[in-house]
Amino acid sequence: MKIQKPVIIGNWKLNGNKKSIHDMFIPLTDFIINNSIHNTIIILPPNLYLDYIYKIIYQKNIVLGSQNIDLNCSGAFTGETSILMLKDIGIKYVLLGHSERRKNHHEDDMLVAKKFQLIKKFNCIPILCIGENKNEKLKNKTKIIIQKQLDLIFNLCGDNAFDRSIIAYEPIWSIGTGIIPDPEYINNIHQYIKNYINKIKIVNHSEHTNTLFIYGGSVNEKNIKIILKEQDVDGVLIGGAALQYNTFSTIIKLSQLH
Ligand code: PEP
């Protein structure tokens, strides 16, 4: 069944400061309240600002997530963020597997699977990014790549791995390029992911619960409606367009009307 209130996630990446939080983010929280927006809006600011923003959004219709965690929970790991620290300040969503971390920090599928396992162990909600690069797309390998990314997680976490999780299909060639796949292609891949997860569960007699399938890559105010119209798209993950008040608030508003 088509989800009525799509989830909208804004990933700030390495952007933002106290000034932009006050100039852009606080007006956004007011916009959400004044327009009676009831979609789940998840913001992923740099970890450094999480606690600061958490205090500002107290009792507002926005939730926060972290862009990354370390595999270790404490100890001699200079510069890292622990899932225990995130829980300590009230954060429950964690992004992982983003292509920028895979590329810039050499995070492979196994490390991503281990992080996924850790997030689940502490009862938090993973937002897992998966998807193919341009070369893989040209060679028609999208489904093989995705299957490999999912299988390692199934192996570590079992048949119910993806319960209470968000899976973001992010074709790497679309991120930050202004190019999006045909909406039917997006839907087709979402269906594939959904069916693959369900097939493993059905074979092993377990039920599919609470997995959201969202799309990420160059989403903006012009294409949000055609993307959300697709049957198997439960929401979107947004990078660049989440940094401007006007653009992001327009996207949120349009997501209500799809
Ligand atoms: C992203 O980095 O996950 C992303 C979707 O970025 P953009 O919206 O800028 O393509």
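What's counted below: heavy atoms across the whole structure, side chains too, no hydrogens, waters or symmetry copies. Start at 1 and go down the list; that is how both ligands and their atoms are numbered.
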Of all protein heavy atoms, the one nearest atom 5 (C) of ligand 1 is E170 OE2, 3.2 Å
Considering only non-hydrogen protein atoms, determine which one is nearest to atom 1 (C) of ligand 1 and report residue, atom name and distance to 0.1 Å. H98 NE2, 3.2 Å
Cation-pi between K137 and Y185: NZ/CZ under 6.0 Å from ring centre and within 45° of the ring axis? yes
Is the cationic atom of K87 (NZ for Lys, CZ for Arg) positioned less than 6.0 Å from the six-membered ring centroid of F122 and within 45 degrees of its normal? no
Atoms of ligand 1, numbered as shown, that sit under 4.0 Å from any heavy atom of I175: 1 (C), 2 (O), 4 (C), 6 (O), 10 (O)
Quick note on ligand 1: atoms under 4.0 Å from a heavy atom of K13 include exactly 1 (C), 2 (O), 6 (O)
Any nitrogen or oxygen of G176 lying under 3.5 Å from a nitrogen or oxygen in ligand 1? Just yes or no. yes
Are the side chains of R102 and V112 in contact, using a 4.5 Å heavy-atom criterion? yes
Show which atoms of ligand 1 fall inside a sub-4.0 Å distance from at least one heavy-atom site of G217. 5 (C), 10 (O)
Could you tell me which atoms of ligand 1, counted from 1 in the order shown, lie closer than 4.0 angstrom to a heavy atom of S218? 7 (P), 8 (O), 10 (O)
Could you label the plane-to-plane angle of the W12 and F25 rings as parallel, tilted or perpendicular, counting under 30° as parallel and over 60° as perpendicular? perpendicular
Give a yes or no on whether the backbone of E184 and the side-chain of N188 come within a donor-acceptor separation of less than 3.5 Å. no
Nearest to atom 4 (C) of ligand 1 by heavy atom, A168, A241, G239, A242: which? G239
Under 3.5 Å: donor-acceptor pair, side chain of N187, backbone of P183: no
Which of the numbered atoms in ligand 1 are under 4.0 angstrom from any heavy atom belonging to L237? 5 (C)
With the threshold set at 4.0 Å, does a side-chain nitrogen-carboxylate oxygen contact exist between K115 and E107? yes
Which atoms of ligand 1 are found less than 4.0 Å from any heavy atom of G240? 7 (P), 8 (O), 9 (O)
